[in-house]
Amino acid sequence: MDSAYNFKEYEQKIYELWEKGNFFSPDSYPDHKDQSFCIMMPPPNANDPLHIGHAMFIAIEDILIRFNRMRGLDTLWLPGTDHAGIETQFVFEKKLAKKGESRFDYDRETLYKMIWDYVQENSEVATGQMKKIGASADWSRFKFMLDPKVVEVVLNTFSKLHEKGLVYRSLKLVNYCTKCGTSYSELEVEHEEKSDTLYTIQYGPLQVATVRPETLFGDVALAVNPSDSRYKDFIGQNVEADFPWGKISLPVISDDYVKTDFGTGVLKITPFHDPNDYDVWQRHLNEVSKPIAVINHLGKTTNVPEQFSNLNVNKAREAVVLALEENGQIVKKEPYLHTVGTCYRCKRVIEPLPLPQFFIKVKPLVEPILEALDSKKLAVHGAGHDKILKHWLQNLRDWNISRQIVWGIRLPIWYNTEETQNIQVVFVNKDKQTINSLLSDAIKQGYSLEEIKSGLQSINVPDTAEYVVSPTQPDENVNWIQETDTFDTWFSSAQWPFSTLLASQEQNDFARFYPTQVMETGYDILPFWVMRMLMIGKFVTGELPFNNVYLHGLVRDQKGQKMSKSKGNVINPLEIIEKYGADALRMALVIRSTAGLDKSVGEGDFKAMRNFSNKIWNAARFITTALDLNIKGQDETNQAFIKKMSEVEAQVTQQLTNFKIGQACETTYEEFWHWYCDVCIEDTKQQKLSSDLLKDGLKRFLVLLHPFVPFVSEAIHQELNQTPNQPLIAKNWPL
RNA sequence: GAACCUAUAGCUCAGUUGGUUAGAGCGCUUCAUUGACAUUGAAGAGGUCAGAGGUUCGAGUCCUCUUAGGUUCACCA
């Protein structure tokens, strides 16, 4: 053995030894039958290189997996990757843009294939990196979110939700990003402070304050508070306003929503461009006419007077304000600070737009989870995040699952083209022209339905249309067309704990491993992912997908600052592995980390943990090469050693069982270095402690150390025993 | 506006159901080391555990309030 542990020489060799020996597969341990232990790896984006956060979850999960495998449980860590719908499509679109192309140059089928190939090219990268960190996952059970069998499960879930009446299609205001070209759920909208101008407009006899004069054309009413004495006489009356583009007449309604002390106390109601106005409209359906949309999906004005038509929102606002000013109808302009919804991806202002979308009713899904939290059947480890989860569950709104992108699972929704009126289609014809028209018109112009479908980009079907839910075309004798929206990425990832097992080639994997034991992930995706896995998992299988949630925190730099490219403080896990070894990386991330709280690491931590690997190595080297093996020691010291050794084993076991992973890691580190090395080895040198006991202690410590530092512990084990068929990874845990 | 989290050594953080003298890593001081390891060892300096009150035989730990920082949610035209 060398005098220093050379991790570069061992890590790859050791990983190959495990992988080739199938030691990651539960099927290699026929005696591990009594109890199962399963973790679903949170699937990283298929085409993302790993960052330090991935290293964190791999380290923690691998510790739990190795520990439970060594304890003799039927242990599976199932890895996979996610298609990450919107993220991936936009990365790909950037690539297209570099070639001067866009998604609108391709029909959806072609585009989908192109993205598929692109993802396949890159997906090897992530798995290769996970292996470098030492992930003992069962790669033979690897799943990709868009594997046909996984998709099949997702579609079945949707059908089941539909059968139970939990799916509906509705024309609601959705959060639409006109740049990204898709709608989002509530959760994906960020709120940012923005300074705008608040305009007070002379609206006939009344004055109205607004930041969005360009939506004037979509107004259906003016509203006042019923208790506002100033406007009592107007309620129920119509007011006439003489705008530069013509006269309009609107009813004045009363609603408690209107604040008397804001602006003028008069609110213009624009149901299709403001969610609050939409709600007001819903309460006064009989008093006002049906609204029209005056902004379209490109963020441009539509259904407005000629001179304002087809302008971007900001341009339209300027034009309208100018026209009103010239007419003396702008009473006041004041700076105004308010928060607006922005797209979490591109940071542009979200446009609330009326769009028929599919929603899932969440109430019935949420209740059993709240119950499980209250009855402690579900434990969330992580600094108060159980309360946050509860808060989310209690306030959740119906889930918009439609996305207007190609890269995802297409909704199994079919419209009958013979009976459904006013289907709008966008398709690429044989001459590569993009046609946007009513389906009926396109057919009149000589396009066949098949031709349209093969070049299809998107369809837009009125909210009143009938539809059929079916994974395949429902009936050969009817001309059907399938919805072009795809599922929210989180709808498919919500099913990960069971879709992976149901899609497994091994027939009984689902029965064998479901429900899983732990869901380990970052607290930042608690509402997006964990909450929805619980809801959907319980609904589909009748059981919680897991009873424990372990949330790790963000990895921060040595000063406790968030890592970001612009700060230049990003740590690349692969560089750390190169410099200090995978064991050092894992230890540094995990030691003294606490569930739910952020962890800061720096160069010094990696160095210290590299030193630890070396310490283990040298302790082993001393004992096997330099130790006098005939030391009997003194009874007292020998007895104390035996006692303490068992205590350490019990302590680490207990800490790991209770998900005190950072502490278990620290205990192992402390006891090995500062007790076993500093005290026990010295005792033996001084003839106080039996050399046999000391040697036995090394073997026992290697087992305890293995989940935390798998490479160096296995390397030593192999040096000592030369038994590749009986590696440390498969050894028995003492308790 | 609301919820949640955090406050412990110079820095970054642990501290398990309340229980002797509050710990680690890095940094600092002094010394040691030709035989496991300088990627080492020994010794040491450094803490009113944010502040105030309370519960208790006993509080870093439980409760209330205050202060500071952070995260998230909700926000009115």
Side-chain angles (χ1 to χ4, degrees), chain A residues 1-5 186-187 189-191 193 196 198-201 208-213 215 219 222-223 225 257-270 273-277 280 336 338-341 382-392 394-395 523-524 526-527 553-554 556-562 580-581 584 587-588 591-594 596-627 651 654-655 658-660 662-667 669-670 673-674 677-678 681-682 685:
Chain A
M1 289 171 84
D2 293 341
S3 72
Y5 170 55
E186 299 293 322
L187 277 59
V189 178
E190 290 176 354
H191 294 90
E193 279 219 325
D196 271 312
L198 182 66
Y199 302 94
T200 303
I201 294 169
V208 174
T210 180
V211 288
R212 302 204 61 183
T215 63
D219 292 353
L222 297 182
N225 191 290
Y257 165 73
V258 184
K259 300 262 191 297
T260 53
D261 56 356
F262 189 92
T264 60
V266 185
L267 178 60
K268 71 187 200 65
I269 301 298
T270 324
H273 299 289
D274 183 296
N276 292 308
D277 291 7
V280 172
Y336 180 57
H338 64 152
T339 51
V340 292
H385 280 91
D386 49 337
K387 291 175 204 161
I388 293 174
L389 177 61
K390 202 170 167 179
H391 187 256
W392 271 108
Q394 285 165 339
N395 294 293
Y523 65 72
D524 50 332
L526 180 69
L554 258 52
R556 294 171 177 267
D557 75 1
Q558 68 274 16
K559 287 177 192 157
Q561 289 185 314
K562 244 183 181 172
Y580 301 107
M587 279 293 282
I591 194 165
R592 266 168 269 119
S593 71
T594 315
L597 296 183
D598 295 349
K599 168 79 178 166
S600 80
V601 290
E603 202 77 11
D605 299 295
F606 299 122
K607 229 180 194 167
M609 294 306 136
R610 186 270 321 262
N611 296 355
F612 182 56
S613 302
N614 193 58
K615 187 77 184 176
I616 305 168
W617 178 262
N618 273 292
R621 189 164 72 97
F622 173 70
I623 286 163
T624 52
T625 61
L627 186 65
Q651 196 182 357
Q654 202 202 345
Q655 286 169 334
N658 295 332
F659 299 102
K660 306 283 182 187
Q663 282 179 46
C665 188
E666 182 171 24
T667 304
Y669 173 95
E670 283 299 313
W673 195 318
H674 298 302
C677 292
D678 291 351
I681 292 181
E682 295 307 315
K685 282 182 189 168

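Order of the sequence lines fixes the chain letters, A, B, ..., with proteins taken first and strands second; residue numbering starts at 1 for each chain. Quick caveat, the model's predicted, so the values are computed rather than measured.
In this model, a side-chain donor or acceptor of Lys685(A) finds a partner on the base of A36(B) within 3.5 Å. A donor N or O paired with an acceptor N or O is found under 3.5 Å between the base of C37(B) and the side-chain atoms of Lys615(A).
In terms of heavy-atom proximity, Ala584(A) sits nearest to Ser613(A) at N-OG, 4.4 Å. The nearest pair of heavy atoms linking Val189(A) to Gly341(A) is CG1-CA, 3.7 Å. Residues His273(A) and Arg212(A) come closest through the heavy atom pair O-NH1, 3.9 Å.
Using bins of under 30°, 30° to 60° and over 60° for the plane-to-plane angle, the ring pair Phe262(A)/Tyr336(A) lands in the perpendicular bin. Tyr669(A) and Phe612(A) have tilted rings, their planes meeting at an angle from 30° to 60° on a 0 to 90° scale.
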Using the side chain to side chain contact (heavy atoms under 4.5 Å, CB included) rule, take Val208(A) and Leu222(A) through it: C-alpha gap first, then chi angles, then the decisive distance, then the call.
CA-CA 8 Å; Val208(A) 174; Leu222(A) 297 182; 4.0 Å; yes
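Phosphate proximity of U16(B) to Gln654(A): absent, as no side-chain N or O sits under 4.0 Å from OP1 or OP2. Contact check, Lys387(A) against C5(B): a side-chain N or O comes under 4.0 Å of OP1 or OP2. For the pair Trp673(A) and G41(B), the criterion of a side-chain N or O lying under 4.0 Å from OP1 or OP2 is met. Phosphate contact (OP1/OP2 of A14(B), side-chain N/O of Thr594(A), threshold under 4.0 Å): present.
Rounded to the nearest Å, the gap between the C1' atom of U29(B) and that of G69(B) is 34 Å. Atom P of U12(B) sits at a distance of 29 Å from the matching atom of G18(B), rounded to the whole Å. Atom name C1', nucleotides G41(B) and G35(B): the rounded distance is 15 Å, in whole Å. Separation of the P atoms belonging to A68(B) and G60(B) is 25 Å when rounded to the nearest angstrom. Across the C1' atoms, A59(B) and G54(B) are found 11 Å apart, a figure rounded to whole Å. Between the P atoms of C5(B) and U66(B), the separation comes to 16 Å (whole Å). Annotation: G25(B) and U20(B) have their C1' atoms spaced 26 Å apart (nearest Å). G10(B) and C28(B) have their C1' atoms separated by 9 Å, with the value rounded to a whole Å.
In the set U39(B), A14(B), U12(B), U39(B) carries the atom at the smallest distance from any side-chain atom of Ala4(A). Taking the side chain of Ala608(A) as heavy atoms from C-beta on, and the options A14(B), U16(B), C26(B), the nearest nucleotide is C26(B).
Ile388(A) has its CD1 atom 10 Å from the P atom of U6(B), to the nearest Å. We find that CZ of Arg556(A) is positioned 16 Å from P of G69(B), with the value rounded to whole Å. Atom pair Phe612(A):CZ and C37(B):P shows a separation of 18 Å (rounding to whole Å applied). Spacing between atom CG of Asp605(A) and atom P of G27(B) amounts to 11 Å, rounded to whole angstrom units. For the pair Leu526(A) CG and U71(B) P, the interatomic distance rounds to 17 Å; values are reported in whole Å. Asn618(A) has its CG atom 12 Å from the P atom of G35(B), to the nearest Å. What separates NZ of Lys390(A) from P of U72(B) is a distance of 23 Å, to the nearest Å. Asp678(A) places its CG atom 9 Å from the P atom of A43(B), with the value rounded to the nearest Å.
Taking for each of Glu682(A) and Asn611(A) the nucleotide of RNA chain B with the nearest heavy atom, the 5'-most of the two is the partner of Glu682(A). Of the two residues near RNA chain B, Gly384(A) and Phe622(A), the one whose nearest nucleotide lies more 5' is Gly384(A).
Nucleotide U40(B): paired with A32(B) (Watson-Crick or G-U wobble, both distances less than 3.5 Å). Base pairing of A7(B): its partner is U67(B), meeting the Watson-Crick or G-U wobble criterion (both donor-acceptor distances under 3.5 Å). Base-pair partner of C73(B): G1(B) (Watson-Crick or G-U wobble, both distances under 3.5 Å). When both distances must be under 3.5 Å, the Watson-Crick or G-U wobble mate of G23(B) is C13(B). Across all strands shown, U55(B) forms no Watson-Crick or G-U wobble pair with both key distances under 3.5 Å.
Counting non-hydrogen atoms under 4.0 angstrom, Glu666(A) reaches the backbone sugars and phosphates but no base. At a threshold of 4.0 angstrom between heavy atoms, the contacts of Asn395(A) with the nucleic acid are absent. At the heavy-atom level, His385(A) lies nowhere under 4.0 Å from the strands shown. The residue Tyr669(A) sits close only to the backbone: its heavy atoms come under 4.0 Å of sugar-phosphate atoms, none of a base. Base engagement by Arg610(A) is indicated by at least one non-hydrogen atom pair under 4.0 Å involving a base atom.
Asp277(A) and Tyr257(A) share no donor-acceptor pair across their side chains, judged by distance under 3.5 Å alone.
Taking CD of Gln558(A) as the reference point, atom CZ of Phe606(A) lies at 9.5 Å (rounded to 0.5 Å).
Annotation for Glu670(A): atom CD counts as buried by contact number, over 12 foreign heavy atoms lying within 6.0 Å. Within a 6.0 Å radius of NZ in Lys685(A), more than 12 heavy atoms belonging to other residues, nucleotides or ligands are found.
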Anything under 3.5 Å between a protein N or O and an N or O of nucleotides 73-77 of chain B, put it in a table, one pair a line.
{"residue": "A74(B)", "atom": "OP2", "partner": "His191(A)", "partner atom": "ND1", "Å": "3.4"}
{"residue": "C75(B)", "atom": "OP1", "partner": "Arg397(A)", "partner atom": "NH2", "Å": "3.0"}
{"residue": "C75(B)", "atom": "N4", "partner": "Thr339(A)", "partner atom": "OG1", "Å": "2.9"}
{"residue": "C76(B)", "atom": "OP1", "partner": "Asn276(A)", "partner atom": "ND2", "Å": "3.1"}
{"residue": "A77(B)", "atom": "OP2", "partner": "Tyr336(A)", "partner atom": "OH", "Å": "2.6"}
{"residue": "A77(B)", "atom": "O2'", "partner": "Ala209(A)", "partner atom": "O", "Å": "3.0"}
{"residue": "A77(B)", "atom": "N6", "partner": "Lys259(A)", "partner atom": "O", "Å": "2.7"}
{"residue": "A77(B)", "atom": "N6", "partner": "Phe262(A)", "partner atom": "O", "Å": "2.6"}
{"residue": "A77(B)", "atom": "N1", "partner": "Lys259(A)", "partner atom": "N", "Å": "3.2"}

